[in-house]
Amino acid sequence: MKKPVIVIGADHAAFGMKEYIKQLLQDMGYTVEDVGTYSRRSVDYPDYAEKVAVAVTRGRNKKGILGCGTGIGAAIAANKIPGALAALVHNPRTARLSVEHDNANILVLAGRPYSKKIVARIVRSWLTSKFQGGRHLRRVKKIRRLERSYR
Ligand code: RB5
């Protein structure tokens, strides 16, 4: 299957991590769409969560990687966009499970503090995992139903 385009965004607190991940992805042969922020100047994380989540849910063959200081605000905001399945993860195992069980289309990471080594392992784990379907598909369909029911 063709490699997805990776839409990447972060606030100021995760800017350094975003720049690092962008280079990592390019080295892995991915096309990267960087929606900002483009400096360490203070910005609001919901703006970048929106940009990433809209691009992923409206795009074709796109996945997102998003960051803010803790990853919490960005994940909450991204999951307000219908179709977004944004998962805040902290290690390669939960990165893998967020795809295998939850079909996460957006990986959310804490940028403050971050270790390049663990970030690289998380990103690789997330990108190489596959949704397992079966009982997990039933559960993800229930999430979609919740989204439709409480618009
Ligand atoms: C910004 O200082 C910080 O609040 C933000 O990056 C994030 O951690 C929010 O959840």
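No hydrogens, no waters, no symmetry mates; every other heavy atom, side chains included, goes into these values.
For the atom pair CD of E100 and CZ of F131, the computed distance is 10.5 Å after rounding to the nearest 0.5 Å. Atom-to-atom distance recorded for T57:OG1 and I106:CD1 is 7.0 Å, nearest 0.5 angstrom. Rounding to the nearest 0.5 angstrom, the gap separating the CZ atom in R145 from the OH atom in Y150 is 8.5 Å. Distance CG/L24 to NZ/K116: 10.5 Å, rounded to 0.5 Å.
A continuous path of ILVMFWY side-chain contacts below 4.5 Å connects I6 to V99, so both sit in one hydrophobic cluster. Hydrophobic clustering, with ILVMFWY side chains joined whenever heavy atoms are under 4.5 angstrom apart, keeps V7 apart from L107. Hydrophobic cluster membership differs between V32 and F15, with clusters built from Ile, Leu, Val, Met, Phe, Trp and Tyr side chains linked at under 4.5 angstrom. The cluster map of Ile, Leu, Val, Met, Phe, Trp and Tyr, joined by side-chain heavy atoms under 4.5 Å apart, puts V89 and W126 in the same cluster. Both V108 and V52 belong to a common hydrophobic cluster when Ile, Leu, Val, Met, Phe, Trp and Tyr are linked at side-chain heavy-atom distances under 4.5 angstrom.
More than 12 heavy atoms of other residues, nucleotides or ligands lie within 6.0 Å of CZ in R144, so this atom counts as buried by the packing criterion. No more than 12 heavy atoms of other residues, nucleotides or ligands sit less than 6.0 Å from atom CZ of R121.
Counting only distance, with no hydrogens or angles, the side chain of D11 and the backbone of A13 share a donor-acceptor pair below 3.5 Å. Remark: the backbone N or O of R93 is paired with a side-chain donor or acceptor of N91 at under 3.5 angstrom.
By the 4.5 Å heavy-atom criterion applied to side chains, V43 and Y48 are counted as neighbours. The shortest distance between side-chain heavy atoms of H101 and R139 does not fall below 4.5 Å. Taking the side chain as every heavy atom from C-beta outward, I21 and L109 approach each other to under 4.5 Å. The closest side-chain heavy-atom distance from I118 to P92 is below 4.5 Å. The side-chain heavy atoms of I143 and E147, taken from C-beta on, include no pair separated by under 4.5 Å.
R60 pairs by the side-chain contact (heavy atoms from CB on, under 4.5 Å) definition with nothing, not counting sequence neighbours.
Judged as a side chain to side chain donor-acceptor pair (under 3.5 Å), the pairs with a partner in residues 26-37 (not counting sequence neighbours) are, in order, K18-D34, K22-D34, Q23-D27, E33-K62.
Shortest non-hydrogen contact noted between R40 and H12 is O-CB, 3.5 Å. Pairing each heavy atom of G29 with each of K3, the nearest pair is O-CD, 3.6 Å. Counting all heavy atoms, side chain and backbone alike, H90 lies closest to T94 at N-OG1, 3.5 Å. Here the closest non-hydrogen pair linking S125 and S129 is O-OG, 2.7 Å.
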Inset, instruction - Evaluate the criterion side chain to side chain contact (heavy atoms under 4.5 Å, CB included) for residue pair L25 and L127; output intermediate values, then yes/no. - result: CA-CA 10 Å; L25 293 170; L127 287 170; 3.5 Å; yes
Inset, instruction - Begin with the C-alpha distance, continue with both residues' side-chain angles, and end with the deciding distance and a verdict on side chain to side chain contact (heavy atoms under 4.5 Å, CB included) for Y20 and V119. - result: CA-CA 9 Å; Y20 169 70; V119 166; 4.1 Å; yes
Donor-acceptor pairs under 3.5 angstrom involving side-chain atoms of residues 63-87: please list them, not counting sequence neighbours.
{"residue": "T70", "atom": "OG1", "partner": "I72", "partner atom": "N", "Å": "3.0"}
{"residue": "N79", "atom": "OD1", "partner": "A86", "partner atom": "N", "Å": "2.9"}
{"residue": "N79", "atom": "ND2", "partner": "A75", "partner atom": "O", "Å": "3.1"}
{"residue": "N79", "atom": "ND2", "partner": "A86", "partner atom": "O", "Å": "3.0"}

